[in-house]
Protein chains: 2
Amino acid sequence: MSSRPGPSLSGGTPLRGLEEQDVLDRILPLFRPSAQVIVPPGDDAAVLATDGRTIVTTDTVVLGRDWLDAWSSGADIGHKVVAQNLADVAAMGGRPTGILVTLVADPLTSVEWVVDLAQGLAEASEGAGVTVLGGDLSSAPDGVVMVSVTALGTMADVEGAPVLRSGARPGDRLAVCGSLGLAAAGLHLLMHDAADRHPEAVAVQRRPRPPLEAGPAAAAAGATAMLDVSDGLARDGGRIARASGVVLELDRPALDPDVAVISEAVGVETAWDCVLAGGEEHSLLATFPGDVPPGWRLIGAVRALFEGEAPGVLLEGRRPQHSGWDHFGNGEGRRP
Amino acid sequence: MSSRPGPSLSGGTPLRGLEEQDVLDRILPLFRPSAQVIVPPGDDAAVLATDGRTIVTTDTVVLGRDWLDAWSSGADIGHKVVAQNLADVAAMGGRPTGILVTLVADPLTSVEWVVDLAQGLAEASEGAGVTVLGGDLSSAPDGVVMVSVTALGTMADVEGAPVLRSGARPGDRLAVCGSLGLAAAGLHLLMHDAADRHPEAVAVQRRPRPPLEAGPAAAAAGATAMLDVSDGLARDGGRIARASGVVLELDRPALDPDVAVISEAVGVETAWDCVLAGGEEHSLLATFPGDVPPGWRLIGAVRALFEGEAPGVLLEGRRPQHSGWDHFGNGEGRRP
């Protein structure tokens, strides 16, 4: 159950024996241009039909830090890196329109793995109505494989302004769209060779499912602040709190169902860790002055700072113990 | 002369001891938003005012493959990776508008080097009137440092269509804007610890100077095909030839001055190698049906294929011996 399908990173035909063009010839046919593409990939640059406001964001995954080959296939990584970028576009209230992909890989990386990756990139982007606009392919030192995606999006047919992190106001409701803690629980199970205890959690860990449509809907419904949960509810909530100069008070009973979903598989204490600090979920977290749109559920409220109080996230009056993932600092990172 | 200024990669304060936010706090103030920026970096994504046609491209540099710490400072790398991306935008006939930057670095990389890199990114992009729209910061395995840039551009105020590689027609003139062979000669001199033999070549190797304004001017003048010389005149010319189904005949006397500029420093044979196969120059190469615009110089002509002939580049009736750089293949790569 914990083994993943697809070609392995290091078996098969090494990239080393191929010309760059040979590799591109196997990959580029997987990507289908959309109606907005004026010049498709293959030239110096692609050209995309755009209007008024273009959203741009970028995010990278690195072998050994963001994934292990034993747990995630190339296609899984393609799905994951697309999902996390498109979630950032949705979290602004926009709709994704295109991505660019950079693969930097050890020349011993198998081309079959690269094609599997490209398949995942193509599936995930097509599933979201998004085009692959270009990319870059580079060799890397021994053992290094990383995939970097830049995503573009539009606010063209979205009512309302881009939704920042800084707009939460005292009295707003705090709501989430999508699951909490599943991706972290899935990682925990993979680490303990117990993936069959909760296949859905493992599936979300491998291929996150951000509710992309909920982003523009939240913008239209007047969301005052929004982001996607990439580094954990406490840490990402803290970002809204600091940017807005407020406190987010989490409602413990509202989180009980999230904990219940995974507590049998990982135990209650770990389940709370996953729900509060689990990253890579890419659900959307937002604040609303009024009713929340369909598909969103209330998990707390925004209040003003007391005098001398620092902005942050509170659960039953306390800062949650786990703070999520930090790339360089000595946080309690949960990723491999 | 061959030693470079700026903090070293591995001395100073390691990233390891810092939180991601601490690093961002040192970098982000270096980047100044332009008038087109609706939402600056710092949120989930940036938002850029755009119109009709947006150009997008991406390119990456990797320590040990694209640069050596002994030869290029962080600021040099910032200049270089911006230049090579903006050259791709110019080569479509467009004007650059913004970049996104990803740094994936060994946690032992010094933060002083990272700030120096950011300074170079900021200088190069400001010099081109371009904004840093966002980025990502990730840790990497030991010894790995790579910088990936995605550039955006616009065709908004440019006359004419995007200039592809595929439009060269028999009878067109082949022209270049900018130098040829300097960057490769500079690399050769660095490799032979003889940088003081041609400081300008070394300077171009460290900080390429693509003629960005010449791209839109070429588009307006009716260029039929264009790209920037990133992998060498023969190899990049071959890309136009194959995409257009033609032969590009180089005019040897027209290249003599390029050879002359560097032959004293590197010798005549190496000078020809540099001019024909030297990459990283980022000058623009284009074909024109009529007169070439100011600043461009004729270096050859486009002719139809003979029966059974393959598209390609010819010099005095022969294919140039050196074919430039290939990332995974066993070409005569000249980079470190």
Fill in: Per-residue contact mode, A/Leu100 against chain B (heavy atom under 4.5 angstrom)
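Side chain only.
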Worksheet item: Given a strict heavy-atom distance threshold of 4.5 Å, which part of A/Val56 is in contact with chain B: side chain, backbone, both, or neither?
Response: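 Both parts, backbone and side chain.
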Worksheet item: Does the side chain of A/Asp51 come within less than 4.5 Å of B/Thr50's, by heavy atoms?
Response: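 Side-chain contact under 4.5 Å: no.
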Worksheet item: Is the shortest heavy-atom distance from the side chain of B/Val47 to the side chain of A/Thr54 under 4.5 Å?
Response: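 Not touching, per the 4.5 Å side-chain cut-off.
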Worksheet item: Top residue by heavy-atom pair count (under 4.5 Å) with chain A, among B/Leu227, B/Leu63, B/Asp228?
Response: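 Looking at each option in turn, the highest pair count goes to B/Leu227.
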Give the table of side-chain donor-acceptor pairs shorter than 3.5 Å for residues 140-152 of chain A, with sequence neighbours excluded, one pair per line with atom names and distance.
| residue | atom | partner | partner atom | Å |
| --- | --- | --- | --- | --- |
| A/Ser148 | OG | A/Thr60 | OG1 | 2.9 |
| A/Thr150 | OG1 | A/Thr58 | OG1 | 3.1 |
| A/Thr150 | OG1 | B/Thr150 | OG1 | 2.8 |

What part of [X] gets within 4.5 angstrom of chain A, counting heavy atoms only: side chain, backbone, both, or neither?
| X | answer |
| --- | --- |
| B/Val163 | backbone |
| B/Asn85 | neither |
| B/Ile38 | side chain |

Item to complete: Hey, could you give me the OG1/CG distance between B/Thr57 and A/Leu133, rounded to the nearest 0.5 Å?
Response: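 Interatomic distance, B/Thr57 OG1 to A/Leu133 CG, rounded to 0.5 Å: 10.5 Å.
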Worksheet entry | Closest-packed option against chain B by number of heavy-atom pairs under 4.5 Å, given A/Gly52, A/Pro162, A/Gly153, A/Gly94 |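 It is A/Gly52.
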Worksheet item: What pairs of residues pass the salt bridge (Lys or Arg N to Asp or Glu O under 4.0 Å) test when at least one of them lies in residues 85-96 of chain A, not counting sequence neighbours?
Response: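 Found A/Arg95-A/Asp157, A/Arg95-A/Glu213.
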